[in-house]
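Note that ligands are numbered from 1 as they come in the structure, with each ligand's atoms numbered from 1 the same way. Any value given below was found using the heavy atoms of this structure, including those in side chains, with hydrogens, waters and symmetry copies removed. We count residues from 1, following the sequence as given.
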Amino acid sequence: MKEFVKWNKKYELGFKEIDSQHKKLLEFLNEAHELISKKDKKDEANDLVEELISFVRVHFGTEEKYFREFNYYGAGAHIAEHNRITLKVLRVYDEIKKGDDAYLDLLNLLKDWFDEHCTTYDKDYVKCFKEHGLK
Ligand SMILES: [Fe+2]
Ligand SMILES: [Fe+2]
């Protein structure tokens with residue numbers, strides 16, 4: 001089966017922990033995408049989507065922890081952006097819980113968001129994190 005999302009060199013920020021979280025996020029998306037395309041796997045898909053959502057929040061927590069540690073000037077706008085997508089995702093997930101088959105919408109939302117966010121907002125903190133010695 002064709003991969004839903006693919007890791008791309010442009011996503012590489014050069015920080016071990018953050019890059020591996022980003023990779024894991026894409027793996028989650030691929031795995032969830034494969035499950036939702038199989039009719040008999042809906043329960044598993046649901047569990048995985050829940051795991052995916054909590055992983056996204058863990059990842060935001062990691063970045064935001066460094067924002068505080070390094071006194072990152074762009075923290076405010078970046079955190080607002082994290083909150084905006086979190087709310088959006090939770091809203092779609094709410095529809096799913098009410099019975100709407102919106103899994104694909106949720107995965108597409110995160111896929112498009114990641115491509116945009118990682119190459120803009122996340123790229124923007126690279127200089128600051130490097131200056132503070134993060135590897
Ligand atoms: Fe990120
Ligand atoms: Fe971010």
Side-chain angles (χ1 to χ4, degrees):
M1 191 180 172
K2 203 179 157 290
E3 266 184 322
F4 177 58
V5 271
K6 236 179 151 45
W7 177 259
N8 187 303
K9 202 78 189 124
K10 71 177 174 177
Y11 300 140
E12 191 105 38
L13 300 180
F15 309 114
K16 226 170 136 206
E17 182 187 18
I18 291 171
D19 284 334
S20 80
Q21 285 184 345
H22 284 159
K23 278 184 184 145
K24 189 166 170 192
L25 185 60
L26 297 192
E27 275 165 31
F28 257 125
L29 286 174
N30 277 330
E31 219 181 307
H33 185 256
E34 212 182 309
L35 280 178
I36 61 160
S37 56
K38 295 181 186 138
K39 277 200 168 48
D40 56 328
K41 300 278 187 184
K42 281 285 184 265
D43 284 349
E44 281 173 58
N46 199 60
D47 289 348
L48 198 75
V49 166
E50 270 190 28
E51 259 186 80
L52 165 67
I53 294 172
S54 51
F55 182 72
V56 167
R57 306 182 89 159
V58 167
H59 171 59
F60 291 169
T62 302
E63 289 185 348
E64 291 168 18
K65 176 190 78 186
Y66 290 123
F67 295 167
R68 285 190 298 274
E69 231 175 281
F70 304 151
N71 208 1
Y72 174 49
Y73 71 93
H78 198 139
I79 292 169
E81 190 55 26
H82 284 169
N83 292 341
R84 193 186 62 84
I85 186 70
T86 302
L87 270 180
K88 248 184 168 176
V89 164
L90 290 178
R91 213 169 290 142
V92 179
Y93 189 56
D94 241 21
E95 296 307 311
I96 290 174
K97 280 191 288 189
K98 282 185 208 143
D100 218 10
D101 192 2
Y103 285 108
L104 195 58
D105 293 343
L106 193 144
L107 299 184
N108 273 317
L109 179 68
L110 277 170
K111 175 189 177 177
D112 294 340
W113 168 82
F114 178 79
D115 183 66
E116 169 81 26
H117 183 84
C118 185
T119 53
T120 55
Y121 280 90
D122 285 358
K123 272 258 142 73
D124 279 348
Y125 61 58
V126 170
K127 191 168 174 281
C128 168
F129 284 18
K130 282 219 163 96
E131 279 168 3
H132 285 85
L134 191 73
K135 286 191 167 72

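- Taking the centre and axis of the six-membered ring of F15, the NZ or CZ atom of K130 falls inside the cone set by 45° and 6.0 Å.
- Residues forming a salt bridge (Lys or Arg N to Asp or Glu O under 4.0 Å) with R91 (at least two apart in sequence, or on another chain): none.
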Next on the checklist: Walk me through whether E34 and K38 qualify under salt bridge (Lys or Arg N to Asp or Glu O under 4.0 Å).
Outcome noted: CA-CA 7 Å; E34 212 182 309; K38 295 181 186 138; 3.5 Å; yes

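- Residues satisfying the salt bridge (Lys or Arg N to Asp or Glu O under 4.0 Å) test with D19, not counting sequence neighbours, are none.
- Ring centers of Y125 and F67: under 6.0 Å apart, within the cut-off.
- Cluster partners of Y121, using a side-chain heavy-atom cutoff of under 4.5 Å among ILVMFWY residues and allowing indirect links: none.
- Around the Fe ion (ligand 2), the protein contributes the following N, O or S atoms at distances under 2.8 Å: E63 OE1, H78 NE2, H82 NE2, H117 NE2, D122 OD1.
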